[in-house]
Amino acid sequence: MLTRRLSARLAASALAALIAFSAVAHAQPGPPPEGPRYIKSEKVNVRGGPGTGNSVIEILLLGAEVQIYAVTGD
């Protein structure tokens with residue numbers, strides 16, 4: 001009985017993970033804005049990956065021109 005419940009929960013979890021991964025894998029980035037953009041803060045950290053756990057690879061200062069290549073989410 002316990003084994004059946006555990007198997008059912010594992011199967012449901014695997015299915016939920018597959019559905020979630022499938023939705024993320026098919027998400028396409030939106031079109032980038034046209035033209036250059038400019039930094040509006042005193043300084044902005046550019047990191048090696050998403051999140052503050054990644055190291056800073058460059059610091060952009062107020063007024064620096066940047067080009068946006070892809071937009072995903074907000």
Asks: Tell me which one of L60, T52, I59 satisfies side chain to side chain contact (heavy atoms under 4.5 Å, CB included) with N45.
Replies: I59
Asks: Would you please name every residue forming a side chain to side chain donor-acceptor pair (under 3.5 Å) with E65, sequence neighbours left out?
Replies: Y38
Asks: Under the 3.5 angstrom rule, does the side chain of R47 hit a backbone N or O of N54 as a donor-acceptor pair?
Replies: yes
Asks: Under 4.5 Å between any side-chain heavy atoms of V46 and V56, yes or no?
Replies: no
Asks: Look up atom CD1 in I39 and atom CG in L62, then write down how far apart they are to the nearest 0.5 Å.
Replies: 9.0 Å
